[in-house]
Amino acid sequence: MKILIKGGRVVDPVAETEKNLDVAIEDGIIVEFGNNLKEDSAEVIDAVGMLVAPGLIDMHVHLREPGYEAKETIETGLKAAVRGGFTGVACMPNTKPVADNQTVISYIIDRTSGLGLARVWPIGAITRGSKGEELAEMADLKKAGAVAFSDDGQPVTGAGIMRRAMQYARMVGLTIIAHCEEPALVAGGSMHEGFMSTRLGLKGIPGAAEEVMVARDIILSELTGCPLHIAHVSTAGSVRLVKEARARGLKVTAEATPHHFTLTDQAVEGYSTSTKVNPPLRGEEDVAAVRQGLADGTIDVIATDHAPHTPEEKEVEYDRAPFGMVGLETAVGLVWSELVESGILTPARAVAKMTINPARILGIEKGIIQPGAVADITVIDPAREEVVNPNEFASKGRNTPFAGRKIKGLPVLTMVGGKIVFSRL
Ligand code: DOR
Ligand code: ZN
């Protein structure tokens with residue numbers, strides 16, 4: 001089985017280069033880079049005008065299985081992933097049961113293999129049932145294949161238990177991914193606290209609810225020496241805290257979602273529950289700071305926080321709807337339209353935030369494109385435009401605030417282990 005990706009621009013996020021190169025793939029491995037490589041008997045993919053990148057990785061996805069299969073299954077989630085250009089995803093443990101033990105982690109890994117879609121790296125829970133009371137079986141979780149720990153969806157409210165979790169995580173050599181929110185400050189809010197929340201008559205969640213916990217977790221990371229990754233950074237204050245921590249040499253990394261670098265709380269006008277997400281869409285200065293953090297490298301990763309819900313769950317009053325929006329199938333388009341087209345990120349830097357950077361944080365050998373590497377590859381057409389139509393999603397979730405929005409820069413081919421798992425060429 002030979003495949004030749006011909007005439008594309010290879011984006012190397014490690015060297016931060018773009019080079020016109022043909023890529024030859026044989027038996028699932030990248031065997032050669034070169035110009036005018038011989039076609040022989042290979043299947044040829046015409047990639048003229050396209051970017052050829054290492055397979056994209058989304059390190060923050062809710063696949064919902066086991067337990068919430070009406071929202072998404074591993075299969076539909078992974079179909080959405082490959083359609084969105086992702087060759088691998090890390091999935092959050094807030095399933096039912098919670099992935100706080102080996103059985104659930106093994107179940108997820110078993111369900112994944114044989115589907116022939118994207119790779120999955122499960123994230124184990126920090127605490128049992130993500131209740132924030134007792135530690136999960138962290139060493140066992142790692143043994144079963146967990147690549148990081150998180151109670152995402154819930155904060156770890158107690159500083160004492162977070163400290164112990166970090167001591168353990170450091171011992172087993174995995175990162176803690178922190179969902180930062182102080183419940184006493186969230187206090188039942190459903191959108192960003194500010195002018196808009198007052199106008200719309202909705203209870204607000206102040207930026208401080210996030211920042212208090214970002215600050216706490218940075219301090220605990222320093223105390224314990226545990227690598228800390230801040231999930232879905234949404235405020236200017238959080239960006240500043242991460243930047244300061246990094247300047248002091250702490251092992252702190254951070255991610256931002258496409259919705260947090262694209263939309264402000266203005267989007268909540270009209271009360272569409274597809275705009276309800278946790279952390280909430282913030283103010284203009286926050287969005288500007290997140291973009292700046294992406295540009296200057298403070299924010300290492302772009303991750304979607306893909307969080308599908310059923311229409312029945314979302315079609316209720318704003319304050320009663322669940323938090324979350326789908327993201328896998330709009331991420332690349334938003335990264336390109338919002339960050340690359342505007343010059344905030346070069347293609348290589350944008351790709352780094354969706355390949356090598358998350359791979360390093362999760363400790364997985366991925367995110368590289370070079371001869372000898374396994375052929376996980378994403379081809380992006382930077383000129384291709386699309387109007388977002390949720391009815392075309394492979395995800396069961398249709399809860400996106402981007403329906404009808406024109407995006408430019410689309411994933412057109414997704415290859416996992418040398419197999420084409422999605423193509424719209
Ligand atoms: O909006 C969100 N939805 N934020 C989270 O942290 C959890 C997620 C979910 O699981 O629905
Ligand atoms: Zn979260």
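Indexing begins at 1, ligand by ligand and atom by atom, following the structure's order. For reference, positions follow the sequence shown, starting with 1. Remember, it's a predicted structure, so these values are computed and weren't measured experimentally. Hydrogens, waters and symmetry mates play no part in the numbers below; they use all other heavy atoms, side chains included.
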Quiz prompt | Atom of His179 nearest the Zn ion (ligand 2) (restricted to N/O/S, atom name only) | solution = ND1
Self-check item: the Zn ion (ligand 2) to nearest N/O/S of His60 less than 2.8 Å
Solution: no
Self-check item: Minimum-distance pair of heavy atoms, taken over all atoms of Tyr271 and Leu200
Solution: OH-O, 2.6 Å
Quiz item: With a cut-off of 2.8 Å, does Asp152 place any N/O/S atom under that distance from the Zn ion (ligand 2)?
Solution: yes
Quiz item: Got a salt bridge between Arg128 and Glu137, using NZ or NE/NH1/NH2 to carboxylate O under 4.0 Å?
Solution: yes
Quiz item: So, Glu244 and Arg248, do they make that salt bridge, N to O below 4.0 Å?
Solution: no
Quiz prompt | Neighbour list for ligand 1 [protein residues, heavy atom under 4.0 Å] | solution = His62, Arg64, Asn94, Asp152, Gly153, His179, His232, Val277, Asn278, Asp305, Ala307, His309, Phe323, Gly324
Quiz item: Under 3.5 Å, side chain of Lys396 to main-chain N/O of Glu69, donor-acceptor pair present?
Solution: yes
Quiz item: Under a 4.0 Å N-O cut-off, is there an ion pair linking Arg405 with Glu338?
Solution: yes
Self-check item: Passing candidate, side-chain contact (heavy atoms from CB on, under 4.5 Å) with Asn278, options Met325, His179, Glu210
Solution: His179
Quiz item: Relative to the ring of His232, is the ring of His60 parallel (under 30°), tilted (30 to 60°) or perpendicular (over 60°)?
Solution: tilted
